[in-house]
Structure formats: C-alpha cells, structure tokens
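Here is the structure we will look at, set down as structure tokens.
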Amino acid sequence: MTNNFNNKMTNLTSTNSLLIAGIVFLTIAVIGQSKLGFLEINPGCFGRLLALSIGVLSLAFAFGLGNFPVESLDLFRNFFTNEIQQNISALNDLLQGS
C-alpha cells in the first residue's frame with residue numbers, strides 16, 4: 001500500500017503541473033489583494049492581468065495535452081448537471097433579477 005502511494009505522489013505529470021499552476025494564477029487574478037497569515041499578495045492591476053493570462057494559458061495547455069482520465073471528466077459533468085437541475089429555480093430567479 002505504501003509503495004503504491006509513493007508511486008502516485010512522485011508521478012506529477014506536466015498536465016497536473018499545468019493544472020495546478022493555472023488554478024493558482026487564476027486565484028491570484030481573481031482575489032487580487034489579500035493577506036493570508038504571513039503571506040501577502042498584492043499584484044496590482046498589471047500583476048492581475050499577467051496572472052490571468054498565465055493562468056488561462058496554463059489551463060489551455062493542460063487541456064490541450066488531453067491526458068485527463070475520462071472518469072474524472074464524467075464525474076465533473078454529472079456533478080454540475082445534477083447541481084443545475086436541483087437549483088434551476090434559484091438560477092432562473094437570479095437571471096431574472098428577482
């Protein structure tokens with residue numbers, strides 16, 4: 001069991017690295033100025049635009065490599081489909097502004 005865990009932890013593919021980088025950079029672009037304990041993020045306008053472009057490019061390259069297991073994509077699709085179906089009335093109210 002430990003050997004299998006170690007093999008999975010050391011197998012960080014380029015797709016996974018690009019996904020992680022893309023999510024981190026998009027988070028920086030969206031949050032902007034924040035303070036998390038000893039870590040302070042204050043990218044400014046140019047920094048947010050740069051983080052946004054790096055994040056989008058990283059995710060585009062990750063999706064372009066196409067090494068995703070089909071089960072993971074089906075899991076996300078099914079989850080979002082179920083959430084939309086369960087909350088369709090709330091979404092309609094939100095879109096209509098009432």
Taking only distance into account, with no hydrogens and no angle test, what donor-acceptor pairs under 3.5 Å do side-chain atoms of residues 52-59 form with protein atoms, sequence neighbours excluded?
from, atom 1, to, atom 2, distance (Å)
S53, OG, L49, O, 3.3
S53, OG, L50, O, 2.8
S58, OG, I54, O, 2.9

For residues 21-32, which side-chain donor-acceptor pairs fall under 3.5 Å, sequence neighbours excluded?
from, atom 1, to, atom 2, distance (Å)
T27, OG1, I23, O, 2.7

Please output the side-chain donor-acceptor pairs of residues 83-90 that fall under 3.5 Å, not counting sequence neighbours, one pair per line with the distance.
from, atom 1, to, atom 2, distance (Å)
E83, OE1, N87, ND2, 3.4
N87, ND2, E83, O, 3.2

- Distance from L19 atom CG to F61 atom CZ, nearest 0.5 Å? 13.5 Å
